[in-house]
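Each chain gets a letter, A, B and so on, in the order the sequences are listed, and its residues count up from 1.
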Amino acid sequence: MGKLRLGWRRQARRIGILVLFVVLGGVLWQYQERQHQDMYTWQGVPTWEALSLTSFHRVLRNDGYLVGWSDVRVNPLWVSYQVAAVDDTRIGSRPDFRPDWRTLWPVGTDSYSGSGYDRGHLAPNYAIAAVHGRSAQLDTFYMSNMTPQRPNLNRRLWQRLEEAVMDHFAPRFDRLQIITGPVFPDKLMDNVFNRVGLVEVPEAFYKIIVAPHDEAPLALAFIMPQDVRGNEPLDDYLVSIDDIEARTGLDFFHELNDNVESVLESEIRTDGWALEEVAKKPGRYQ
DNA sequence: TTTACTGT
């Protein structure tokens, strides 16, 4: 009887130690995940405002940027990365696109063939490569960083916006935080069969650019639709961050002080960006 | 080529 009791106690102690290690491991993992996310975000990664099928996502870590991946849309719902001004504008040669097994859905590098859509980068090749290096550049070619974009948007209007970020905005501020992603129609069923392979086709794309000063951060936000010519002035597409939250169901910068957050997100303020100097700059590719 | 495809 006494022997049995001793054995039981020993067993309980072992289980206790095992549980302790699992919990400790979990806490450390969380901590490291948090450290990693802090490198690529400002005031918290985007979260969903209300729990819904279409805004649910999981975070994929990459060198140089993070992705909020949706298994429902089979799309990145957001990417988050930081850029700074660079002296050396040379980058490594453009690599091949790569499948990403983490998406679970088989999105191949040829999935968009013949669809009329480009494999549009969300975290851009050039900016990530110039700021974060070769390994980060390779990561931007994961199919989990792509979303279907019409060529006139991807190669012209969107390209002009990305060029403005690196050549015009980054040199004006020490550091920029950028979040970009797709916008889908309000009603899930209206668009559910509008897909390239398994990948749902967005109706538009957003980009939020923040100069992250703690007291008085500045932000520009854009929504650009698929159907553009490509030579439109960039400032035609200015919106507030609240507008983007309303269209995507995401909550940006939720760790920000509420007063600062509401000012930053509700207004369209272009002071300090000198947008007019680049808004009408023609694209490199006609 | 700071975008990307199609057709070779």
Side-chain angles (χ1 to χ4, degrees), chain A residues 62-65 75-76 79 81-100 107-173 175-182 195-197 199 201-202 204-207 209 220 222-234 237 273 275 277-286:
Chain A
N62 292 303
D63 200 348
Y65 71 104
N75 262 267
V79 299
Y81 59 95
Q82 298 186 356
V83 298
V86 294
D87 297 326
D88 188 353
T89 61
R90 292 170 306 172
I91 62 165
S93 63
R94 174 174 258 264
D96 291 333
F97 290 89
R98 303 195 290 174
D100 186 347
V107 181
T109 55
D110 59 351
S111 304
Y112 293 24
S113 306
S115 68
Y117 288 96
D118 280 2
R119 295 172 289 191
H121 283 69
L122 285 186
N125 169 36
Y126 172 74
I128 296 284
V131 176
H132 298 281
R134 178 64 175 174
S135 147
Q137 179 185 20
L138 297 181
D139 281 2
T140 68
F141 280 80
Y142 275 133
M143 290 305 290
S144 54
N145 184 40
M146 303 305 150
T147 180
Q149 277 186 330
R150 292 246 100 116
N152 278 351
L153 177 62
N154 185 36
R155 304 176 195 186
R156 305 187 70 196
L157 188 65
W158 195 259
Q159 192 283 328
R160 285 168 51 216
L161 180 57
E162 290 180 340
E163 186 166 319
V165 167
M166 282 307 283
D167 294 355
H168 181 72
F169 299 137
R172 294 182 74 85
F173 302 95
R175 190 168 65 100
L176 297 173
Q177 167 66 48
I178 303 189
I179 299 182
T180 192
R195 291 184 186 250
V196 169
V199 180
V201 179
F205 299 88
Y206 68 87
K207 186 180 286 291
I209 306 166
L220 286 185
F222 299 86
I223 292 180
M224 295 179 169
Q226 290 275 19
D227 291 312
V228 293
R229 292 185 312 278
N231 56 357
E232 297 88 345
L234 298 178
Y237 301 96
W273 294 91
L275 225 193
E277 292 176 19
V278 280
K280 292 179 179 160
K281 193 163 182 281
R284 323 163 72 89
Y285 312 108
Q286 297 306 314

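Note: A:His121 and A:Phe141 have perpendicular aromatic rings, judged against thresholds of 30 and 60 degrees for the angle between ring planes.
Judged as a side chain to side chain contact (heavy atoms under 4.5 Å, CB included), and not counting sequence neighbours, the contacts of A:Ala129 are A:Ile91, A:Asn125, A:Gln137. In terms of the side chain to side chain contact (heavy atoms under 4.5 Å, CB included) criterion, residue partners of A:Ser113 (sequence neighbours excluded) are, by chain and number, A:Asp110. Partners of A:Lys281 under the side chain to side chain donor-acceptor pair (under 3.5 Å) rule, at least two apart in sequence or in another chain, are A:Glu163. Here A:Arg229 pairs with A:Asn231, A:Glu232 under the side chain to side chain contact (heavy atoms under 4.5 Å, CB included) rule; sequence neighbours left out.
Rounded to an integer number of Å, the gap from CZ of A:Arg229 to P of B:dT3 is 23 Å. Following rounding to the nearest Å, A:Arg134 (CZ) and B:dT2 (P) show an atom-to-atom distance of 14 Å. If you take CG of A:Asp167 and P of B:dT2, they are 10 Å apart, rounded to a whole angstrom. Atom CD of A:Gln137 and atom P of B:dT2 are 11 Å apart (whole Å). Distance, A:Asn125 CG to B:dT3 P: 5 Å, rounded to whole Å. The separation between A:Tyr285 atom OH and B:dT3 atom P is 5 Å, rounded to whole Å. Across the protein-nucleic acid pair, A:Glu163 atom CD and B:dT3 atom P stand 10 Å apart, rounded to whole Å. Atom CG in A:Asn145 sits roughly 14 Å away from atom C1' in B:dT3 (whole-Å rounding).
The stretch residues 133-155 of chain A participates, sequence neighbours left out, in these salt bridge (charged side-chain N to carboxylate O under 4.0 Å, His left out) pairs: A:Arg98-A:Asp139, A:Asp118-A:Arg155.
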Every protein N/O within reach of nucleotides 5-8 of chain B N/O, cut-off under 3.5 Å:
from  : atom 1 : to       : atom 2 : distance (Å)
B:dC5 : OP1    : A:Arg119 : N      : 3.2
B:dC5 : OP1    : A:Arg119 : NE     : 2.9
B:dC5 : OP2    : A:Arg119 : NE     : 3.4
B:dC5 : OP2    : A:Arg119 : NH2    : 2.7
B:dC5 : O4'    : A:Arg155 : NH2    : 2.9
B:dT6 : OP1    : A:Gly114 : N      : 3.1

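The residue A:Glu162 sits apart from the nucleic acid: no heavy atom pair falls under 4.0 Å.
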